[in-house]
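Notes follow once the structure below has been shown.
Protein chains get the first letters and strands the later ones, always in sequence-line order, with residue 1 at the start of each.
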Amino acid sequence: MKRTLVREALACREFGKLVTVAGWVRTRRDSKAGFSFIELNDGSCLANLQILAPVDLPNYATDVQKLHPGASIRVEGALVASEGAGQAVEVKATSLKVYGFCDPLEYPLGKSRISFERLREVAHLRSRTNSFGAVARVRNTLAFETHRFFQDRGFYYFNAPIITASDCEGAGEMFQVTTLDLENVPKDKLTGKVDFSKDFFGRPANLTVSGQLEAETYACALGSVYTFGPTFRAENSNTTRHLAEFWMIEPEFAFADLDDDADLAEDYLRHLIRSVLEQCPDDLKFFNDRVEKGLLDNLTRLADASFTRISYTEAIKILEGVADRFEFKPYWGVDLQSEHERYLAEVKFQGPVIVMNYPREIKAFYMRLNDDEKTVAAMDVLLPNVGEIIGGSQREDRLDVLERRIRESGMNPEDYWWYCDLRRFGTVPHAGFGLGFERMVRFCTGMGNIRDVIPYPRTPQSAEF
RNA sequence: UCCGGCAUAGCUCAGUGGUAGAGUAGGUGGCUGUUAACCACUUGGUCGCUGGUUCGAGCCCAGCUGCCGGAGCCA
């Protein structure tokens, strides 16, 4: 079927043009003057198209008057200038076909406002609401513009493995992947432990918590790569900014140091913000009006602003000066608490902040040791309201230092043999970061809960749909 | 995992020991180029589950389950 999108119809001014539109009824209003009004939405934009359904349609009594929110229809008719206020154009139906009726007694979505909490229980239908349609469109733009940004800079899209069979888990709880019969797990006769040689991969396997280590191997060959895929963390996290399954973008590029890394992160975030402002104005206005007041001003301001960059040491000095306001007292050597990060991004600098060069003890082994031997070339990008959105670093490119750092972390360099090989054979300085995609969607939409910016959120005790 | 809060009509909520309420949605009628339409009438409840206290529990107590917010972990 050749159909006109609602988005196209609303922008069209060729009055009299015959069009076919199809979508889902948002609401119907009957007039005794000889017609009904139908608000039609097809997901192509936030706005609805008003359909004028005259009483002389052959199926007016049998179909039109039985339309309720959620019903699916196809309408053929003429695009005309609207006589009423509130919309410039509407479609005067010459035929209306009902694909499927929708029982208002059963259908969870009506005309009135529904809480986001309630909508999570009907996640298969929440995509039909204004809010979730807008989230989906913004999310799509952010994803597409992520590819455009990196492609334009010569980064290759790299598909990191989803299943990782490395014996050495670094940080973060992982989901185990197994084909073993959990009711009857094979055990080693001598040790009594699980015999993973019988498992699918012949060893324990997990879902990835990061594609970084693998991405490094391609960055050290192709120069610049980025991953964009699902990531899994089995942490028992129950917050508005954590998911057990989320999407992460991880650029990794060679011949780069920490400053290059921060530059890339900043350019990338700015590109995304400019893109949604340009491509999703109606959706953003909706979020600005209905979800977070001031969202448009914030995004517009950031589209051109440069981000504040401070060292961890400077950040601690600032925080120590206002230590009274914190539950946890800041001092050099401890990681920044949420309240500290929020103070920096929301109160002190009122915008994005890049904190660089953290103490080595609180950061991962692969981050490059600075000359002071006390800090590593790490960076976190903090956003107002969202908190940490990016974590990155220059990678340790010296084999001896890397092996020492692995041992200091209580692990065995041999378990990272292929990772160490990168330093053994033609090592180069390189850097990268990870961006939590849903956190970015949250920031751009003002949505308060990360569970509402991914279609089907996976959190502890929750994997319906 | 820890701390706090919540669970009553399809939905949003009121109801602090004595016969279960409102708004909204749904139905019927009226009115209208309407637009969260409006006006009148009306259907609709194992008060999350289990146990306890009491003559009597939606209300008090305990446990459980789920959800929400904050913290930790992080992106």
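Between A/Arg29 and B/A37 there is a side-chain polar atom (N or O) within less than 4.0 angstrom of OP1 or OP2. OP1 or OP2 of B/C68 lies within a sub-4.0 Å distance of a side-chain N or O belonging to A/Arg451. Residue A/Arg120 places at least one side-chain N or O closer than 4.0 Å to OP1 or OP2 of B/C68. Neither OP1 nor OP2 of B/A75 sits under 4.0 Å from any side-chain N or O of A/Ser210.
Figure legend: A/Arg153 and A/Phe149 shown as a cation-pi pair, the cationic atom lying under 6.0 angstrom from the six-membered ring centre and within 45 degrees of its axis.
Here B/C67 presents its P atom at 11 Å from CD of A/Glu464, a figure rounded to the nearest Å. If you take CG of A/Leu382 and C1' of B/A75, they are 12 Å apart, rounded to a whole angstrom. Rounded to whole angstrom, the span from the CG atom of A/Leu336 across to the P atom of B/C74 amounts to 12 Å. Between A/Arg241 atom CZ and B/G69 atom C1' the separation is 11 Å, expressed in whole Å. Atom CG in A/Leu52 sits about 17 Å away from atom P in B/U32, given to the nearest Å. In this structure, CZ of A/Phe437 is placed 13 Å from C1' of B/A75, rounded to the nearest angstrom. Counting to the nearest Å, the C1' atom of B/G72 and the CZ atom of A/Arg342 are 14 Å from each other. Rounded to whole angstrom, the span from the CD atom of A/Glu341 across to the P atom of B/A71 amounts to 10 Å.
The gap from the C1' atom of B/G17 to that of B/C61 amounts to 14 Å, rounded to the nearest Å. Separation of the P atoms belonging to B/U34 and B/G48 is 44 Å when rounded to the nearest angstrom. Comparing the P positions of B/G58 and B/C64 gives an interatomic distance of 23 Å, to the nearest angstrom. Between the C1' atoms of B/A57 and B/U46, the separation comes to 15 Å (whole Å). Across B/U28 and B/A14, the matching P atoms stand 32 Å from one another, rounded to whole Å. Distance noted for atom C1' between B/A20 and B/U8: 9 Å (whole Å). With P as the reference atom, B/U16 and B/G10 are 22 Å apart, rounded to whole Å. Comparing B/C3 with B/G51, their P atoms sit 27 Å apart, to the nearest whole Å.
Residues A/Glu216 and A/Tyr366 bring no donor and acceptor atom of their side chains to less than 3.5 Å of each other. Checking A/Tyr60 against A/Ser36 by side-chain atom types alone, a donor-acceptor pair falls below 3.5 Å.
Ion pair A/Arg342/A/Glu339 not flagged as a salt bridge, since none of the NZ, NE, NH1 or NH2 atoms sits closer than 4.0 Å to an Asp/Glu carboxylate oxygen.
Applying the salt bridge (Lys or Arg N to Asp or Glu O under 4.0 Å) test to A/Asp289 and every residue at least two apart in sequence or in another chain returns A/Lys285. With sequence neighbours excluded, the residues forming a side-chain contact (heavy atoms from CB on, under 4.5 Å) with A/Ser44 are A/Leu5, A/Val6, A/Arg7, A/Asp42, listed by chain and number. Not a single side-chain hydrogen bond (donor to acceptor under 3.5 Å, both in side chains) links A/Arg290 to another residue, sequence neighbours left out. Under the salt bridge (Lys or Arg N to Asp or Glu O under 4.0 Å) criterion, A/Asp257 pairs with no residue at all, not counting sequence neighbours.
For A/Phe253 and A/Phe155, the ring centers sit closer than 6.0 Å to each other. You'll find the ring centres of A/Tyr157 and A/Tyr226 inside the 6.0 Å limit.
Here B/G69 sits opposite B/C3 as a Watson-Crick or G-U wobble pair (both hydrogen-bonding atom distances under 3.5 Å). Base pairing annotation: B/U28 forms a Watson-Crick or G-U wobble pair with B/A40, both donor-acceptor distances under 3.5 Å. A 3.5 Å limit on both hydrogen-bonding distances identifies no Watson-Crick or G-U partner for B/U34. If you check B/G58 for Watson-Crick or wobble pairing at under 3.5 angstrom, you find it has no partner at all.
Listed nucleotides B/C68, B/A75, B/G72 differ in distance to A/Gln337; the shortest reach to its side chain belongs to B/G72. Picking from B/U34, B/C74, B/G66 the nucleotide with the shortest atom distance to the side chain of A/Gln461 gives B/G66. Here the side chain of A/Glu83 is nearest to one of B/G33, B/G66, B/C68, namely B/G33.
Each of A/Gly448 and A/Ile390 was matched to the nucleotide of RNA chain B holding its nearest heavy atom; the match closer to the 5' end belongs to A/Gly448. Toward the 5' end of RNA chain B, the nearer of the two residues A/Pro104 and A/Phe35, judged by each one's closest nucleotide, is A/Pro104.
More than 12 non-hydrogen atoms from other residues, nucleotides or ligands lie less than 6.0 angstrom from CZ of A/Phe15.
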Going 5' to 3' through nucleotides 10-15 of chain B, assign each nucleotide B (protein heavy atom under 4.0 Å from a base atom), S (under 4.0 Å only from sugar-phosphate atoms) or - (no protein heavy atom that close).
-> -SS---

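Taking 3.5 Å as the limit, the base of B/G33 and the side chain of A/Glu90 contain a donor-acceptor pair of atoms between them. Side-chain atoms of A/Thr239 and base atoms of B/G70 include no donor and acceptor less than 3.5 Å apart. Scanning atom types as modelled, one donor and one acceptor separated by under 3.5 angstrom connect the side chain of A/Gln87 and the base of B/U34.
Ring geometry, A/Phe132 versus A/Phe116: the interplanar angle exceeds 60°, so the pair is classed perpendicular (tilted spans 30 to 60°).
Stacking is not found between A/Phe37 and the pyrimidine-like six-membered ring of the B/G33 base under the 5.5 Å centre-distance and 30° plane-angle cut-offs.
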Pairwise N/O distances under 3.5 Å, protein to nucleotides 1-5 of chain B:
| from | atom 1 | to | atom 2 | distance (Å) |
| --- | --- | --- | --- | --- |
| B/U1 | OP1 | A/Asn236 | ND2 | 2.7 |
| B/U1 | O4 | A/Asn236 | O | 3.1 |

